[in-house]
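Owing to the predicted nature of the structure, the values given are computational and were not obtained by experimental measurement. One is the number of the first residue; the rest follow in order along the sequence. Remember, it's 1-based here, ligands and their atoms both numbered in the order they're listed.
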Amino acid sequence: MVDSTALRAAFARRLSAMYGTEVPAYTTLVEVAQDVNREVLERAGADAERLGSIERVTAERHGAIRVGTPAEMAQVARVFGAMGMYPVGYYDLREAASSSVPVVSTAFRPVEEAELAANPFRVFTSMLVTGDRRFFDEDLERRLEEFLGARRLFPPRLLELAGRAEAEGGLDDRAAEEFLTLATRAFELSREPVSRGWYAELERVSSVAADIGGVPSTHVNHLTPRVLDIDALYERMAERGITMIDAIQGPPRWDGPDLLLRQTSFRALAEPRLFREDDGRVVSDDLRVRFGEVEARGIAVTPAGRALYDELTAELEAALAGRRVTAEERNAVAAKLWEGQVPRTEAELIGGDLAYFTFHTTGARPGSAPPADLSTLLAEGWVTARPIVYEDFLPRSAAGIFQSNLTSDGSKDVTRAGAEFGAEALAEVLGRPLHDPYELYASTRAASLARVREELGLARLDS
Ligand code: OOG
Ligand code: NI
């Protein structure tokens, strides 16, 4: 029996091998990330593994895919459900992006601590909101729905195997092989000709809409390895002749704890594609829709920590408004803001309830009886804290990633009302609960506190 954990790990490996043949620069990125990770491990020792074992980090990837309809989204949920990946978080890129990005998104990922440790593979998945009049008028919506309704992203056999895997917790060897082959194939770049007129019409509205609704299948849009020192990687990529976008998104480089998520990417590369012209001729041309991205993950923050992050981001924007600055200058201004307002130690992050940690007994008994409050247990050395890694995404960075790779800004009629499409509507489409990331982090923390309480024989524990 190949269980859902093994299916997920195998799928991540296969997707990585497939993407490497499709986008060779991805392979360079993975090589450089691994070099950097090895160096950080040598330099920092066990500290390098504070946010995940080197095995986890080396295998760690996130992918991104984009689909067109609620029915397609529901099928994606079934395929990923087979691999122990569940929808977490709601992202509205229609709002987060200044250019035309008519999608709402979630991320499919494992939700349990042990599953994340075994393989945290996650896929950021976006769905078109075809009913949003800021982007699509009634006529275009109708033709888009017709086009999307006629295509089939996933073969019935894949969905059948996915259903069986989810119901039974895995598949036998032969079925697993078939499932993995079909699942990987479903995310390959299609070789079918793209209809030129249709693609161009959608592209005038939004490059993202064209990438989703202008072609008969879906594809991996990027696959992102994790790196332990993203600043070192950024420089190293330039040396290897790959031009990155001019900034690292997310928190600045500074000398306090790593929080949330820092990401950078290189521009979409032109890939050969076949086009069918209006007169029926099939010609070969190219499209620039896919790219490479790399990320460094930090500690998950609480709602208070997130509010602080958002506030600092807004202050940074205000401070830089109307100025043309280099990425270096921007980082310097941001780092200064952080130094003034973000605690420099993990202990202070815990004290201010700004970030999530798990707590563990150390085995030491530095007194006759353990005190019943967490801060004293930590201060006296009964208990130690380990940071919980941030497993999710940032809407602004995601919007930045979308935007930096669009061929044009498209058009968005802001005078029209947008379509309501919130987290509840998305959960309904998915046909399963949409997990709240904060609840997941909080429950991991709570489980660790319950273990501490039990191990120390405490009737209650104030935290
Ligand atoms: C997804 C962009 C979001 C990230 O890392 O923030 C994303 C896309 O381009 O489809 O992957
Ligand atoms: Ni990404």
On the ring face of Tyr356, is Arg445 found with NZ or CZ under 6.0 Å from the centre and within 45° of the axis? no
Taking the cut-offs as 6.0 angstrom to the six-membered ring centre and 45 degrees off its axis, would you call Arg297 and Phe393 a cation-pi pair?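 Here Arg297 passes the 6.0 Å and 45° test against Phe393.
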Would you mind listing which atoms of ligand 1 come within a distance below 4.0 Å of any non-hydrogen atom of [X]?
| X | value |
| --- | --- |
| Ala398 | 3 (C), 6 (O) |
| Phe402 | 1 (C), 2 (C), 8 (C), 9 (O), 10 (O) |
| Ala64 | 1 (C), 8 (C), 10 (O), 11 (O) |
| Glu293 | 4 (C), 5 (O) |

Of the choices Gln263, Arg290, Gln403, which has the non-hydrogen atom that lies closest to atom 5 (O) of ligand 1? Gln263
Is Arg157 atom CZ crowded by more than 12 heavy atoms from other residues, nucleotides or ligands, each under 6.0 Å away?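 Yes, enclosed.
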By atom name, which N, O or S atom belonging to [X] lies closest to the Ni ion (ligand 2)?
| X | result |
| --- | --- |
| His62 | NE2 |
| Glu293 | OE1 |
| His222 | NE2 |

Shortest protein contact, atom 11 (O) of ligand 1 (heavy atom only):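 Of every protein heavy atom, His222 NE2, 2.9 Å lies nearest to atom 11 (O) of ligand 1.
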Protein heavy atom at shortest distance from atom 10 (O) of ligand 1: Arg66 NE, 2.8 Å
Nearest heavy atoms of Ile299 and Pro257, plus distance in Å: CD1-CB, 4.2 Å
Find out whether Leu274 and Arg191 are in side-chain contact, i.e. whether some heavy atom of one side chain is under 4.5 Å from a heavy atom of the other.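 The answer is no; the side chains never approach within 4.5 Å.
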Check: Ile54 and Arg38 side chains under 4.5 Å, non-hydrogen atoms: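 No, every pair of side-chain atoms sits at 4.5 Å or beyond.
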Report yes if Ser126 has an N/O atom closer than 3.5 Å to an N/O atom of ligand 1; otherwise report no. no
Distance (rounded to the nearest 0.5 Å) between Ile401 CD1 and Glu293 CD: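 Between Ile401 CD1 and Glu293 CD, I get 4.0 Å after rounding to 0.5 Å.
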Separation of Ser265 OG from Phe402 CZ (nearest 0.5 Å): 12.0 Å
May I ask whether Glu295 places a heavy atom under 4.0 Å from ligand 1? no
